[in-house]
Amino acid sequence: MSLDRFGRNINYLRISLTDKCNLRCVYCMPEDMVFRPKAELMQDDEIRRLVNIFGTKLGFRKVRLTGGEPTIRTNVTELVRDIAATPGIETVAMTTNGLLLDKLAKPMKEAGLQRVNISIDTLDPEKFHKITRWGKVEDVYSGIRASEDAGLEIKLNCVVVRNFNDTDDVIEMAKLTRDNDWQVRYIEMMPFGDVADFQQAGTVSEAELRERISAELGELLLINDGQLDGEARLFKLPHSLGTLGFISSVTSPFCASCNRARLTADGRLRLCLLREKEVDLLAPMRAGATDDDLIGIIEEGIWHKPWGHGLADNVIPLNRVMSEIGG
Ligand code: SAM
């Protein structure tokens with residue numbers, strides 16, 4: 001078990017498989033983003049070695065693969081297979097834009113992937129193209145269908161941006177849960193790096209969204225007794241198959257129950273999404289650190305995991321944008 005100094009049990013690792021992406025969502029990275037050379041990123045064996053340490057020695061039970069865009073890593077299916085087979089690891093999930101799931105959903109499911117969180121902020125093709133800077137919403141939709149055919153559990157991530165997709169779009173997304181056993185999750189936009197001003201001006205609160213959706217589609221029924229499902233508070237529309245989740249990191253932070261650590265594509269252990277603190281694992285690994293050395297470094301980092309973010313005090317992480325961390 002890996003405890004931090006506040007007594008939180010940290011057992012969920014989010015691994016960024018690459019900093020590169022096949023989209024350029026406006027709230028995620030600048031259009032002219034410069035990516036790291038491959039040699040500076042974790043190689044397959046380095047990822048396997050770290051996952052083995054987290055699973056067998058540090059009590060981690062869940063891994064989420066993210067990016068950049070995880071599906072553009074050439075051998076993503078083999079990595080899924082190896083990670084899912086790691087002793088101790090019980091759940092392997094992925095956050096993806098879905099563009100390549102048409103081909104990858106089935107092999108990744110067979111390799112041990114259990115769930116995909118697919119990012120789709122609007123069903124409107126023009127708006128989708130605009131917010132992703134060049135994506136086609138039909139491609140995401142075929143990825144969703146392929147994931148369903150493959151038997152993957154499906155959650156849809158929708159980042160809500162004021163005056164862009166905060167009205168009709170959120171309603172259309174919610175309607176998807178009527179006939180599909182999916183979870184549509186509305187994510188409050190968070191500020192990072194040099195796009196922070198835009199992000200802060202555009203954040204739409206959970207309270208505002210819930211009011212809008214229930215005015216349009218009927219009273220939202222609280223499920224799970226209000227207990228968080230991961231980071232989401234869950235509701236249901238009347239007579240729907242799926243659920244609606246609200247991830248309100250900005251207006252209603254869930255830091256007290258945070259059980260996550262993140263591994264960036266360049267091998268830094270990031271202890272809080274919204275704090276700059278990171279611990280380098282790649283340099284010691286490449287300098288010959290033993291597993292015990294690495295365990296010591298990781299345990300020390302986790303012990304000092306920040307309590308929570310400082311958005312209320314206007315403390316914004318500037319050292320990376322979201323695409324470099326992975327969400
Ligand atoms: N490329 C993958 C994808 O699109 O899902 C994985 C990486 S992406 C950084 C992970 C998630 O973070 C996506 O759901 C994305 O919409 C979300 N995200 C990106 N920037 C964000 C921001 N500033 N605030 C909140 N969520 C953000």
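Note that the structure is predicted; figures quoted are calculated from it, not measured. Atoms within a ligand are numbered from 1 in the order they appear, just like the ligands themselves.
No side-chain donor from either of Arg48 and Thr86 sits under 3.5 Å from a side-chain acceptor of the other.
In this structure, the separation between CZ on Arg14 and CD1 on Ile325 is 11.5 Å, given to the nearest 0.5 Å. Atoms CG and CG, on Asp149 and Leu101 in that order, are 12.0 Å from each other to the nearest 0.5 Å. Summarising the geometry, atom CG belonging to Asp82 is positioned 12.5 Å from atom CD1 belonging to Ile89; distances are rounded to the nearest 0.5 Å.
Within 4.0 Å of ligand 1, heavy atoms belong to protein residues Tyr27, Cys28, Thr66, Gly67, Gly68, Glu69, Thr95, Thr96, Asn97, Ser119, Asn157, Val159, Ile187, Glu188, Met189, Met190, Phe192, Gln199, Met322, Gly326.
More than 12 non-hydrogen atoms from other residues, nucleotides or ligands lie less than 6.0 angstrom from CD of Glu110.
The one candidate from Leu209, Ile187, Val250, Val159 that meets the side-chain contact (heavy atoms from CB on, under 4.5 Å) condition with Val204 is Leu209.
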